[in-house]
Colleague: 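Pasting a structure below so you can have a look.
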Amino acid sequence: METKLILTEKDIKRAIEEYLIGTNQGKAKSIRLEKGNNDVSADPREYSAFYAEVELEVEGEGIE
């Protein structure tokens with residue numbers, strides 16, 4: 001039996017926020033999902049099918 005799990009953009013963003021809070025890395029100010037491509041590169045944004053760009057707020061400071 002094969003099972004599929006389909007996550008919407010909202011589900012993915014909520015999981016990222018929960019992960020950041022759970023690991024005490026801060027609170028997400030913004031999360032943007034972008035399409036990547038499958039070319040080999042040192043930059044994950046260039047070879048992943050998609051990636052998330054997260055702007056963090058850590059104790060009142062903004063970090064990209």
Side-chain angles (χ1 to χ4, degrees):
M1 181 173 148
E2 189 174 310
T3 303
K4 291 184 181 180
L5 177 64
I6 298 173
L7 300 173
T8 65
E9 184 175 342
K10 182 175 78 172
D11 297 327
I12 295 168
K13 288 180 176 181
R14 183 173 48 240
I16 291 169
E17 289 173 342
E18 290 174 2
Y19 172 80
L20 293 170
I21 291 169
T23 57
N24 295 319
Q25 294 189 50
K27 181 180 177 184
K29 288 176 63 177
S30 67
I31 300 173
R32 189 174 77 213
L33 299 178
E34 296 287 335
K35 286 186 178 181
N37 60 45
N38 295 326
D39 295 338
V40 175
S41 171
D43 187 345
R45 293 176 296 184
E46 293 181 10
Y47 68 79
S48 297
F50 76 94
Y51 65 93
E53 189 168 295
V54 181
E55 184 177 342
L56 295 177
E57 182 177 305
V58 181
E59 296 181 16
E61 290 185 28
I63 299 175
E64 274 190 55

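Just so you know, these numbers use all the heavy atoms, side chains as well, and skip hydrogens, waters and symmetry mates.
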Colleague: Quick one: do I16 and I6 end up in the same hydrophobic cluster if we chain Ile, Leu, Val, Met, Phe, Trp and Tyr together by side-chain heavy atoms under 4.5 Å apart?
Modeller: no
Colleague: According to a 4.5 Å side-chain heavy-atom criterion applied to Ile, Leu, Val, Met, Phe, Trp and Tyr, with indirect links allowed, do L33 and Y19 form part of one hydrophobic cluster?
Modeller: yes
Colleague: Hey, what do you get for CG (L7) to NZ (K13), rounding to the nearest 0.5 Å?
Modeller: 14.0 Å
Colleague: Just verifying a value: how many Å separate I31 CD1 and E17 CD, rounded to the nearest 0.5 Å?
Modeller: 4.5 Å
Colleague: Does the distance from a Lys or Arg side-chain N to an Asp or Glu carboxylate O, for E53 and R32, drop under 4.0 Å?
Modeller: yes
Colleague: State plainly whether one hydrophobic cluster holds both I12 and L20, where clusters connect Ile, Leu, Val, Met, Phe, Trp and Tyr through side-chain heavy atoms under 4.5 angstrom apart.
Modeller: yes
Colleague: With rounding to the nearest 0.5 angstrom, report the NZ to CG distance, K27 to L56.
Modeller: 12.0 Å
